[in-house]
Amino acid sequence: MLYLIGIGLSDPEDVTVRGLELIRSSARVFLDAYTSILSVGKDRLEEFYGRPVELADRDLVEQGDVILAAAQSADVSFLVVGDPLGATTHADLAMRARQRGVAYRVVHNASVLTAVASCGLQLYTFGETVSVPFWDAVSRPSSFLDKLLGNWERNLHTLCLLDIRVREPTMESLLRGRPEFEPPRCVRRGSEVRGFMSCSVAAEQLLALLAEVSAAEDNADLLAESDAAELRNRLNRRKQLPPPERLLTVGLARLGSPDERIAACSLADMASRDLGPPLHSLVVPAPRLHPVEAEFLRQFADTEADAALVDASAAER
């Protein structure tokens with residue numbers, strides 16, 4: 001039997017009673033170290049669970065062969081930070097288990113998809129969740145902005161899940177033919193950022209995309225008519241957003257932990273706002289907030305200017 005067990009957002013004690021019983025009775029216990037990271041170390045989990053925990057990196061999770069082979073002959077617990085089905089990777093693992101004749105069971109828990117309500121924005125007014133990937137020297141993915149705009153047009157909030165690169169080989173080690181992996185932290189190397197994406201880095205990337213609008217308009221006349229029309233349509237959609245100094249954002253750090261941090265401010269200010277250690281998520285609220293949402297969110301405004309921005313979003317309703 002394969003048990004997909006959510007272990008919550010912060011501490012070892014966040015696991016449910018049912019989940020804990022299954023963990024303690026399993027022959028092997030794997031911890032997903034690919035899609036998210038718990039704020040405490042593996043040793044803390046092992047101490048609380050009373051069981052050894054094996055870290056499952058990206059290859060082990062996506063291939064799944066080791067986990068499923070073990071579950072064919074014994075009870076195996078696969079631990080996931082948050083809820084087990086919050087990521088499509090784990091749904092895929094469940095489907096492959098079924099294809100191999102391995103029974104599975106899901107034990108749910110709190111995840112960022114529900115804990116985001118801690119900022120006061122109502123869950124039923126969220127639109128499509130987006131993932132914001134790290135940019136590097138060769139790739140600058142921007143599809144998340146189009147999805148954000150789709151939510152904005154329908155007056156829906158956007159939850160942005162920020163990238164994690166916890167097992168990235170260094171370029172030097174690759175050149176030597178012996179991969180060595182960088183530690184999981186947010187570090188800058190030139191124009192690149194590695195590790196856990198912070199709200200400030202996500203805001204910087206969004207600011208860069210919005211700044212490209214005027215430059216792209218200048219180049220539209222050089223394109224074929226159909227391509228130019230498509231480009232102008234995309235640019236016009238982006239112009240719906242207010243200037244960065246007036247675009248409200250909400251940064252969330254370490255949700256569910258004792259040192260949880262939430263900050264409401266403009267996109268321009270978020271780019272320089274330090275919310276501390278990971279994990280971070282970013283929310284771009286809908287253009288028109290419900291008065292109850294605004295009243296709740298206002299407590300996370302650090303300055304009068306931030307509070308005025310929250311109030312303005314409610315006034316436009």
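Heavy-atom minimum distance, A110 versus L9: O-CG, 4.2 Å. Between D163 and F134, the shortest heavy-atom contact is OD2-N, 2.9 Å. Residue W152 comes nearest to A286 through the heavy atom pair CZ3-C, 4.2 Å, listed as atom of the first residue, atom of the second, then distance. The heavy-atom pair separating I23 from V29 by the smallest distance is O-CG2, 3.8 Å. Residues P133 and Q205 come closest through the heavy atom pair O-NE2, 3.0 Å. The shortest non-hydrogen separation linking R254 to S257 is O-OG, 2.6 Å.
Under a 3.5 Å cut-off, the side chain of Q240 and the backbone N or O of L149 do not form any donor-acceptor pair. The main-chain N or O of V284 is never found under 3.5 Å from a side-chain atom of T249 such that the two would form a donor-acceptor pair. Put simply, the side chain of R96 gets close to the backbone of Q63: a donor and an acceptor are under 3.5 Å apart. Within the 3.5 Å criterion, the main-chain N or O of F296 finds a donor-acceptor partner in the side chain of Q299. Looking only at distances, no side-chain donor or acceptor of R28 sits under 3.5 Å from a matching main-chain atom of V76. Of the possible polar contacts, none joining the D14 side chain to the I7 backbone as a donor-acceptor pair under 3.5 Å is found. Listed for the E21 side chain is no donor-acceptor partner under 3.5 Å among the backbone atoms of T16. Under a 3.5 Å cut-off, the side chain of R154 and the backbone N or O of G127 do not form any donor-acceptor pair. Distance alone, capped at 3.5 Å, places no donor-acceptor pair between the R273 side chain and the A264 backbone. No donor-acceptor pair under 3.5 Å is formed between the side chain of H280 and the backbone N or O of A253.
With rounding to the nearest 0.5 angstrom, the CG atom of L159 is 9.0 Å from the SG atom of C119. Distance CG/L79 to CG/L45: 7.5 Å, rounded to 0.5 Å. The CG atom of L267 lies 11.0 Å from the SG atom of C199; values are rounded to the nearest 0.5 Å. Going from atom OG of S200 over to atom CG of L282 covers 10.0 Å, rounded to the nearest 0.5 Å. The CE atom of M270 sits 8.5 Å away from atom CG of L248, with the distance rounded to the nearest 0.5 Å. A distance of 10.0 Å separates CD1 in I5 from CG in N109, rounded to the nearest 0.5 Å.
Atom CD of E153 is surrounded by more than 12 heavy atoms from other residues, nucleotides or ligands within 6.0 Å. Applying the 6.0 Å contact sphere to CZ of R98 captures no more than 12 heavy atoms from other residues, nucleotides or ligands. Around atom CD of E304, no more than 12 heavy atoms belonging to other residues, nucleotides or ligands sit under 6.0 Å away. The local environment of CZ in R24 is crowded, with over 12 non-hydrogen atoms from other residues, nucleotides or ligands closer than 6.0 Å. Q72 CD: more than 12 foreign heavy atoms inside a 6.0 Å radius.
The residues R105 and D75 are annotated as not salt-bridged, no charged nitrogen and carboxylate oxygen being separated by less than 4.0 angstrom. Ion pairing between R51 and E46 fails under the 4.0 Å rule for side-chain N and carboxylate O.
Two residues are said to be in side-chain contact when any heavy atoms from C-beta on lie closer than 4.5 Å; H157 and E293 meet this criterion. Taking 4.5 Å as the limit, every side-chain heavy atom of L162 sits out of range of all side-chain heavy atoms of F196. By the 4.5 Å heavy-atom criterion applied to side chains, F126 and T158 are not counted as neighbours. Side-chain contact between V107 and L4 is absent, with no heavy atoms from C-beta onward closer than 4.5 Å. When side chains are defined from C-beta on, Y104 does not count as touching L93, because their heavy atoms never get closer than 4.5 Å. Side-chain contact between L55 and F30 is absent, with no heavy atoms from C-beta onward closer than 4.5 Å. Looking only at side-chain heavy atoms (C-beta outward), S281 and V116 stay at 4.5 Å or farther from each other. S313 has its side chain out of reach of V310: every pair of non-hydrogen atoms, C-beta onward, lies at least 4.5 Å apart.
Each of L156 and L247 belongs to its own hydrophobic cluster when Ile, Leu, Val, Met, Phe, Trp and Tyr are linked at side-chain heavy-atom distances under 4.5 angstrom. V106 and M95 are assigned to two separate hydrophobic clusters, defined by single-linkage of ILVMFWY side chains at heavy-atom distances under 4.5 Å. Taking hydrophobic clusters as Ile, Leu, Val, Met, Phe, Trp and Tyr residues chained together by side-chain heavy-atom distances below 4.5 Å, V292 does not share a cluster with L289.
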Review point. What do the steps show when you test L31 against Y49 for side chain to side chain contact (heavy atoms under 4.5 Å, CB included), and what is the final call?
Key: CA-CA 12 Å; L31 172 64; Y49 298 154; over 6 Å; no
Check your understanding: Would V283 and L121 count as a side chain to side chain contact (heavy atoms under 4.5 Å, CB included) if you check the C-alpha gap in whole Å, the side-chain angles of each, and the deciding distance to 0.1 Å?
Key -> CA-CA 10 Å; V283 175; L121 300 178; 3.7 Å; yes
Point to revise | Verdict with reasoning, S26 to Y3, per side chain to side chain contact (heavy atoms under 4.5 Å, CB included) | key: CA-CA 9 Å; S26 292; Y3 297 108; 4.1 Å; yes
Practice item. Verify side chain to side chain contact (heavy atoms under 4.5 Å, CB included) between L161 and V112, making sure each step is shown before the conclusion. Key: CA-CA 9 Å; L161 303 179; V112 65; 3.8 Å; yes
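Of the N and O atoms on the side chains of D32 and H90, at least one donor lies less than 3.5 Å from an acceptor on the other residue. A donor-acceptor contact under 3.5 angstrom links the side chains of T303 and D306, judged on distance only.
The only member of I262, L252, V250 that meets side-chain contact (heavy atoms from CB on, under 4.5 Å) when paired with F300 is I262.
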